Novice: 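First the structure, then my questions, so here it is.
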Amino acid sequence: MAQKKRLLTDISLKGLEIAPSQVRGAIRIVPLIRRNIRNDLRLIRRPYQEDMTVVGLEGKITEPGMKYFSYVPHGLVMSWTDDGSPVAACGGQIVKPDGQRQECGCTSVRLMHRMAKRESANQLRFLPLHLAMEGFLSLFFSGPTIAWSEYSKYALSHGLGSRYETSVSGRYIAGLEDALRVFEIHERQVGVLVFVTESLASAFVVPTPEDYRALHTSLLEDFYGELIYQYSLLYDTTWPMDTTIEDESKINSLADLKGAIAKMRDDWASFQGFMAEGLLQRQLNSQIVYTAGSFLLQKFITDLQPKHKNYIGEVIIRESGELEYLKTYRLSESQTRRAYLLSQLAKHNWNLEATAKALSQTSHDFISRLESAGFGYLLNQAVRDAALKKTKKSSR
């Protein structure tokens, strides 16, 4: 029961400060500063060179031998101490071979075991963002738990079957590479909020400034939703965010000026935090992936709201709730819609009529909604044909 109470319920940036943003074209990068650097948790990047990675998903409630396929440019290795002392010589530890490399014609493939794999007593390798995406793809994967007559034999036997999502590398987000190259990195900076045309594209936090400097450009290797990619191509401006001293007549000393500047910084931080409200303080559904001493690695999805921005991601938090690691991915409207429909079906035991009623729709309209979301294959042909016929009659 103790672990359940430690599940992350929202993201509050506890222990972090929001610094004034830097802007280049459509890209706004907001630095995140950590004042209390402890060094008892460190993250290092482990690069992979293969064209494709295949990860075995042991322990999942899926068919035996289920695999996750994706391009994975790098993993992260977390090292920690149990007594609060600094991690010694981060990056110099002896590491076992991470998976196997195979050549398949003109394509190289890396075979890996588990999304998060313990490598020593105080060291864990995990695949950033892929950990969260695999969790998203596995949502309600088993399909109907009751053999409702409306479902196809495939759905009753295999659940949702093979699922996939598409995304875009950060290198294709217009202006992001230039912004990461020219923007200043603060002395105690441990993360960023990345906005593309003022839409939160990514939140990224690591434990120490040294970790951040080493991982700063890894944002280019992350994957982003197609919507963020389109935003970067279509728009090249941001909102003006100027702030000035309210009453210059009250500035009579250096102390007055210092106080006025501090207020300006607070105003910047408050507004930039407001810009990320779709993620910050949002209710989360979290799952513990690994317990590492006093740290918890978790993956999460925001409570699904079809008309709002929704995110998946990963975090590492201390027992105190302080955020040590964060990486997020914004879901597209279609991704949100698919996940929402599945969540509603699962909530009503996959009963089509009960789910449609809860959503204030007819059964035929709800079935058409499932079809348009790409889940028509879950239903038997007779049900699909009846819904299609009813929809055509209604549209005349």
Side-chain angles (χ1 to χ4, degrees), residues 5-23 27-43 76 78 128-129 131-132 180 183-196 198-213 215-216 218-219 222 241 243 262-286 288 294-303 308-331:
K5 294 180 180 179
R6 296 159 65 191
L7 278 172
L8 191 71
T9 58
D10 60 58
I11 294 173
S12 65
L13 298 184
K14 182 178 180 180
L16 301 173
E17 296 179 15
I18 301 176
S21 61
Q22 303 173 72
V23 178
I27 307 297
R28 182 187 299 276
I29 294 185
V30 180
L32 299 175
I33 310 298
R34 193 188 303 278
R35 297 300 178 190
N36 184 17
I37 310 296
R38 303 185 188 181
N39 289 305
D40 56 348
L41 175 69
R42 299 294 302 273
L43 290 174
L76 289 179
M78 62 178 289
L129 273 189
L131 186 67
L180 292 174
F183 284 174
E184 174 190 5
I185 298 178
H186 292 259
E187 182 180 355
R188 303 179 74 83
Q189 183 174 343
V190 295
V192 286
L193 301 175
V194 179
F195 294 88
V196 177
E198 309 303 20
S199 179
L200 181 62
S202 176
F204 179 47
V205 176
V206 293
T208 72
E210 292 78 13
D211 294 342
Y212 181 76
R213 289 177 181 274
L215 293 168
H216 176 68
S218 70
L219 286 162
D222 287 342
M241 195 181 293
T243 183
K263 186 178 186 307
M264 289 171 60
R265 291 178 64 92
D266 288 343
D267 291 342
W268 266 322
S270 297
F271 185 69
Q272 290 165 164
F274 170 75
M275 290 170 61
E277 67 172 348
L279 173 67
L280 302 181
Q281 305 297 340
R282 181 81 170 274
Q283 184 177 344
L284 306 178
N285 294 310
S286 304
I288 294 175
S294 60
F295 304 100
L296 282 174
L297 171 63
Q298 303 183 29
K299 56 187 176 183
F300 67 83
I301 181 171
T302 54
D303 59 317
H308 293 77
K309 300 172 184 177
N310 295 277
Y311 298 86
I312 59 174
E314 309 141 1
V315 292
I316 297 175
I317 58 171
R318 293 180 179 271
E319 288 181 335
S320 63
E322 188 172 344
L323 191 66
E324 294 291 340
Y325 164 77
L326 171 67
K327 190 177 282 287
T328 67
Y329 171 89
R330 179 179 169 181
L331 297 173

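Counting begins at 1 with the first residue of the sequence. Everything numeric here is computed off the predicted structure, so don't read it as measured data.
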Novice: Sequence neighbours left out, what passes side chain to side chain contact (heavy atoms under 4.5 Å, CB included) with A132? Give chain and number order.
Specialist: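 A132 satisfies side chain to side chain contact (heavy atoms under 4.5 Å, CB included) with I312, E314 once adjacent residues are dropped.
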Novice: What is the distance from atom CG of D222 to atom CG of L215, rounded to the nearest 0.5 Å?
Specialist: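 Here the interatomic distance stands at 9.5 Å.
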Novice: What I'd like to find out is whether the side chain of L284 reaches to under 4.5 Å of the side chain of T302, using heavy atoms alone.
Specialist: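 Yes. Closest side-chain heavy atoms under 4.5 Å.
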Novice: Which distance, rounded to the nearest 0.5 Å, do you find between the CD1 of I29 and the CG of L219?
Specialist: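 Going from the CD1 atom of I29 to the CG atom of L219 covers 7.0 Å.
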Novice: Applying side chain to side chain contact (heavy atoms under 4.5 Å, CB included), can you list everything that pairs with S294, at least two apart in sequence or on another chain?
Specialist: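 Partners of S294 by the side chain to side chain contact (heavy atoms under 4.5 Å, CB included) criterion, ordered by chain and then number, come out as E319.
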Novice: Heavy atoms only: give me the nearest E324-L41 pair and the separation to one decimal.
Specialist: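 Result for this residue pair: CB-CD2, 3.6 Å.
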Novice: Does Q189 have any side chain to side chain contact (heavy atoms under 4.5 Å, CB included) partners at least two apart in sequence or in another chain, and if so, which?
Specialist: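 Scan of Q189 (side chain to side chain contact (heavy atoms under 4.5 Å, CB included), adjacent residues dropped) gives P31, I33, I185, H186, V192, Y212.
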Novice: Of all heavy-atom pairs between F183 and Q22, which one has the smallest distance, and what is that distance?
Specialist: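 Heavy atoms only, the tightest pair is CE1-O, 3.3 Å.
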Novice: Go through it in stages, so that I can follow the logic: the residues are V194 and F204, the test is side-chain contact (heavy atoms from CB on, under 4.5 Å), and I'd like the CA-CA distance, side-chain angles, deciding distance and then a yes or no.
Specialist: CA-CA 8 Å; V194 179; F204 179 47; over 6 Å; no
Novice: Could you point out which residue of V315, L76, V190, D211 forms a side chain to side chain contact (heavy atoms under 4.5 Å, CB included) with Y325?
Specialist: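 Testing each of V315, L76, V190, D211 against Y325, the sole residue satisfying side chain to side chain contact (heavy atoms under 4.5 Å, CB included) is L76.
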Novice: Please name all residues satisfying ring pair (Phe, Tyr, Trp, His ring centres under 6.0 Å) with F300, sequence neighbours left out, ordered by chain then number.
Specialist: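 Not a single residue meets the ring pair (Phe, Tyr, Trp, His ring centres under 6.0 Å) criterion with F300.
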Novice: Test of understanding: with salt bridge (Lys or Arg N to Asp or Glu O under 4.0 Å), list the residues that count as partners of E322, not counting sequence neighbours.
Specialist: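 Partners of E322 under the salt bridge (Lys or Arg N to Asp or Glu O under 4.0 Å) test: R34, R38.
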Novice: Applying salt bridge (Lys or Arg N to Asp or Glu O under 4.0 Å), name anything that partners R188, two or more places apart in sequence or on another chain.
Specialist: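 Scan of R188 (salt bridge (Lys or Arg N to Asp or Glu O under 4.0 Å), adjacent residues dropped) gives none.
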Novice: Does the side chain of I316 come within less than 4.5 Å of L296's, by heavy atoms?
Specialist: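 Counting from C-beta outward, L296 and I316 never come under 4.5 Å.
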Novice: For N285, give me all partners under side-chain hydrogen bond (donor to acceptor under 3.5 Å, both in side chains), at least two apart in sequence or on another chain.
Specialist: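 Checked N285 against side-chain hydrogen bond (donor to acceptor under 3.5 Å, both in side chains); zero matches.
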Novice: Please find the pair of heavy atoms, one from H216 and one from L180, that lie closest to each other, and give the distance.
Specialist: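 What the structure gives for the nearest pair is NE2-O, 2.7 Å.
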Novice: Look only at the side chain of S21 and the backbone of R28, and say whether a donor-acceptor pair between them is shorter than 3.5 Å.
Specialist: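 Checked: no pair found.
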Novice: For the pair S286 (side chain) and L8 (backbone), establish whether a donor and an acceptor sit closer than 3.5 Å, ignoring hydrogens and angles.
Specialist: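 Looks like yes, one N/O pair under 3.5 Å.
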Novice: Apply side chain to side chain contact (heavy atoms under 4.5 Å, CB included) to N39 and list each qualifying residue two or more places apart in sequence or on a separate chain.
Specialist: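 Per chain and number, N39 pairs via side chain to side chain contact (heavy atoms under 4.5 Å, CB included) with I37, R42, P86, T208, E210.
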Novice: Got F295 and D40 here, is their nearest side-chain heavy-atom distance under 4.5 Å?
Specialist: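 When only atoms from C-beta onward are counted, D40 and F295 do touch, with a gap below 4.5 Å.
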Novice: Check side-chain hydrogen bond (donor to acceptor under 3.5 Å, both in side chains) between Q298 and all other residues, then give those that pass, not counting sequence neighbours.
Specialist: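 side-chain hydrogen bond (donor to acceptor under 3.5 Å, both in side chains) check on Q298 returns nothing, list empty.
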Novice: Between L200, N310, L193, L13, which is the residue that forms a side chain to side chain contact (heavy atoms under 4.5 Å, CB included) with L279?
Specialist: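 Single side chain to side chain contact (heavy atoms under 4.5 Å, CB included) partner of L279 among L200, N310, L193, L13: L200.
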Novice: Tell me, please, which residues at least two apart from D303 pass salt bridge (Lys or Arg N to Asp or Glu O under 4.0 Å).
Specialist: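 For D303, the residues satisfying salt bridge (Lys or Arg N to Asp or Glu O under 4.0 Å) (neighbours in sequence not counted) are R282.
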Novice: Kindly indicate whether the side chain of L323, heavy atoms from C-beta on, has any atom under 4.5 Å from the side chain of K14.
Specialist: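 When only atoms from C-beta onward are counted, K14 and L323 do not touch, as no gap falls below 4.5 Å.
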Novice: What pair of heavy atoms forms the shortest contact from L129 to Y329, and how long is it?
Specialist: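 Heavy atoms of L129 and Y329 come nearest at CD2-CB, 3.9 Å.
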Novice: Can you sort out the partners of E187 under salt bridge (Lys or Arg N to Asp or Glu O under 4.0 Å), two or more places apart, ordered by chain and number?
Specialist: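 None.
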